[in-house]
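Take a look at the structure below.
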Amino acid sequence: MNAPTTVSERLNATGTANALELRGVSKLFGALAALSDINITVRPGERRAVLGSNGAGKTTLFNCITGDFLPTSGSIRFFGEDISEFPAHERIRRGLRRTYQISLLFTGLSVLDNVYLACCGVSRGRFSLIRPRRNDALMASAEDLVRVVHMEDAKDTLVSELSYGQQRQLEIAMALSGAPRFILFDEPAAGLSPTERRELVEILTGLPSHMGFIIIEHDMDVALRVAESVTMMHNGRIFKEGKPAEIEEDPEVQALYLGGGDG
Amino acid sequence: MALIEETEAGEADDRKVGWAERVPVQYWVVIILLLIMPAFASDFTLFQIFGWSFILGMIALSLMFLAGYGGMVSLVQMTIAGLAGYMIAIFGDSAITDISQGWPWYVSIPIALIIAMLFGSLVGWLSVRTEGIYTIMITLAIASAFFYFARQNYVVFNGFSGFNGVLPPMLFGVDWRGSQAFYYLTLFWACLSYLVVLYLSRSPFGLALQGVRDNPRRMAALGFNVNAHRVAAYAFAALIAGIGGILLTWQSAQISPGTAGVGPVIDILIIAVIGGLRHPIGPFIGAFIYVVLKTFSVDFLTALGLGGERFQLLIGISFLVIVFWSPDGILGLWEKWRRSRGKDPLRDAGESKL
Ligand SMILES: Nc1ncnc2c1ncn2[C@@H]1O[C@H](COP(=O)(O)OP(=O)(O)O)[C@@H](O)[C@H]1O
Ligand SMILES: [Mg+2]
């Protein structure tokens, strides 16, 4: 592996390269082609929405990018670096983050502890044997993140006692730990109340402009308000790419969305 | 459950309360009782019952750490203890002067513990890619391989008979195999390892280990190297088991393949399960019950007109009974009792949140 290892090498790699570059990514589950020959390029700081019916392969795409499982074929570059063979934790340590469609949280721990764990994971304190103290830097950044998602009042609540919407918010706080360079949001708005949706849009639009993301979202309203470009997926393939307005008016897309498709 | 240490969480006036006053009174009773035990307990009780319970408790604690916090049921903990025992016999002093190197304790003990940790890490590295029953099988296979290897190897392990005359150093002019001294020696190491495990459970390392147990995929997506974390847990558990193994060797003044045979290997699992895997105190409770049963069941059985050798049966039955009533061991029973007491309408309004 000739991956850039020093900080300056990585920064140089950042300079010109795309945030994310997928070339010919395919994923087979047995005979089922969940992804076939996906090519996607996302610029640094770009905000992209991925649309598509259920089973289109959107979550599988995220899983391949983060290394939750390896694609059957194809290559993935993250800020110029080929991460195709990296295990998940190495990709995360390079600034990639994600949320899960079905919350994967530590239900026996409090809100703050969950965020704290997320902060440990991307720091050198991973193996620390010392319990956190009040003035611990990681704990302080965890408290900050809890504030970013407006959960100060629930920070000592056990995750198992949170409402569904709060669990989604917590997922976002955990994805913001450390210094994320690019985030994958898997249907963060699903199941949220209108108020919670508004808050979510505020959080997403309020992210620093260098932080690009891909958001999977069924709600066109949310997707089009936070994203500057749209990728439509269907049956494991990319079906359309373009500006939100183009996509909305595209007759094929309308046919797929209104005429039912398979979702 | 806030992560911040309770001692740190308190507000200004709370801080004036000394740490001693925050320890519940029942704990003080237990601590004082353990400290003054030699004033009234017999030599046999101190050396054989408590000393042995503390040692087996430590070895079972190393299993509890792996299984309870890490979700990895390792059957090599007794093997690691035995290996550490062999190492002090080989590098330190024993009656087998042909093999024993006779190095001083401050060399032989660190070497023994380092080898134990290396071996533990190796086993961890071999087994972290497996799960559940496969972890049990692979560690059991390693444990029996070690047993047969030690029994057949005469050059280093002295085969069937092993090493006798393995004694603790006469540090500070104390005979550490004297019943009182040995009691305090084992009490000290048992308490220390208990407190360290308790402390680690809320450190980033311990929390992450519990995260790996509950959701390895999520931990990887947070940047944790799941397998490295598991191997590190094996290494730490091996340190505790290794200390236990050295104490065990000193107690019987010998180490032989039988110490780490398949029977004792399984006994450690039984001890941990009887006591409970959810809290580090469980293994010590389990060890105490095991030692009492093993020591007195022979008399008890012969009094009933049964063969004394059936004590394994007695342990097996107690195991079944406890696991049947409470999968979480004695600790689980205790929690159940506390909860049912909390619900008692005559005592309080049932507002028990445990
Ligand atoms: N782990 C898996 N094993 C087998 N099939 C899977 C797995 N994950 C997803 N699939 C299948 O891949 C297809 C795409 O799924 P997914 O990526 O979850 O779709 P989306 O997120 O767009 O709704 C579906 O047909 C699904 O059943
Ligand atoms: Mg999905």
Side-chain angles (χ1 to χ4, degrees), chain A residues 62-63 66-69 87-100 103-136 138-139 142-143 155-159 171 174-175 177-178 180 184, chain B residues 1-12 14-15 65 68-71 121 128-129 195-236 239-240 278-279 353-354:
Chain A
F62 276 16
N63 285 334
T66 52
D68 276 50
F69 38 68
H89 64 266
E90 287 294 344
R91 305 181 189 206
I92 301 302
R93 290 178 196 177
R94 280 165 172 74
L96 184 63
R97 300 284 187 278
R98 77 171 294 179
T99 66
Y100 285 88
S103 293
L104 280 180
L105 299 165
F106 301 103
T107 49
L109 295 178
S110 72
V111 168
L112 185 60
D113 291 0
N114 269 268
V115 183
Y116 176 72
L117 257 187
C119 292
C120 289
V122 289
S123 81
R124 284 173 193 283
R126 259 170 249 127
F127 283 96
S128 171
L129 305 178
I130 311 296
R131 285 189 183 192
R133 308 209 149 228
R134 262 279 174 243
N135 51 6
D136 185 281
L138 283 180
M139 191 51 96
E143 301 229 17
K155 76 173 184 190
D156 291 325
T157 311
L158 280 188
V159 168
E171 278 272 344
M174 289 167 79
S177 64
L184 308 172
Chain B
M1 206 196 298
L3 239 185
I4 307 274
E5 278 182 87
E6 249 91 79
T7 49
E8 296 290 309
E11 291 310 316
D14 225 29
R15 284 212 185 105
F65 180 78
Y69 294 140
S121 313
V128 288
R129 282 165 192 82
L195 291 174
V196 168
V197 167
L198 201 61
Y199 180 84
L200 282 189
S201 68
R202 307 295 297 163
S203 72
F205 173 67
L207 273 178
L209 187 62
Q210 295 166 70
V212 168
R213 171 197 65 198
D214 294 340
N215 208 329
R217 180 175 164 202
R218 172 48 131 169
M219 290 305 282
L222 292 178
F224 289 92
N225 184 341
V226 170
N227 283 340
H229 230 87
R230 288 177 170 151
V231 174
Y234 265 95
F236 172 71
L239 177 62
I240 296 180
R278 291 232 309 241
H279 191 277
K353 263 194 160 179
L354 201 99

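Below, chain A is the first sequence line, B the second, and so on; all start at residue 1. Bear in mind the structure is a predicted one, so any value in this text is a computation, not a measurement.
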ask   = Which one of B/V196, B/L209, B/N215, B/L200 has the most heavy-atom pairs closer than 4.5 Å to chain A?
value = B/N215
request  = Report yes if some heavy atom in the side chain of B/Q210 is under 4.5 Å from a heavy atom in the side chain of A/L117; otherwise report no.
outcome  = no
message = Ignoring hydrogens and geometry beyond distance, is a side-chain donor-acceptor pair present between B/R218 and A/N114 at under 3.5 Å?
response = no
ask   = Under a 4.5 Å heavy-atom cutoff, which of A/E171, A/R98, A/R97, A/E90 has the most pairs with chain B?
value = A/E171
message = Using heavy-atom distances under 4.5 Å, tell me whether A/S128 contacts chain B through its side chain, its backbone, both, or neither.
response = both
request  = Identify the two heavy atoms, one from A/Y116 and one from B/P204, that lie closest to each other, and give their separation to 0.1 Å.
outcome  = OH-CG, 3.2 Å
ask   = Looking at B/G211, B/G206, B/A208, which one has more heavy-atom pairs under 4.5 Å with chain A than the rest?
value = B/G211
key: Taking every non-hydrogen atom, the tightest pair across A/I92 and B/A220   = CG1-O, 3.6 Å
Donor-acceptor contact below 3.5 Å, side chain A/R131 vs main chain B/Y199 = yes
task = Answer yes or no: does atom CZ of B/R213 have more than 12 heavy-atom neighbours from other residues, nucleotides or ligands under 6.0 Å?
result = yes
ask   = Considering only heavy atoms from C-beta outward, does the side chain of B/F224 approach that of A/C120 to under 4.5 Å?
value = yes
inquiry  = Set out, in order, the CA-CA distance, both residues' side-chain angles and the distance that settles side-chain hydrogen bond (donor to acceptor under 3.5 Å, both in side chains) for A/R93 and B/N225, then state yes or no.
reply    = CA-CA 10 Å; A/R93 290 178 196 177; B/N225 184 341; 5.9 Å; no
key: Contact class of A/F106 relative to chain B, heavy atoms under 4.5 angstrom   = side chain
request  = Drop me the distance from A/H89's NE2 to B/N227's CG, to the nearest 0.5 angstrom.
outcome  = 8.5 Å
inquiry  = Give me the atom names and distance for the closest heavy-atom approach of B/A221 to A/Y100.
reply    = CB-OH, 3.2 Å
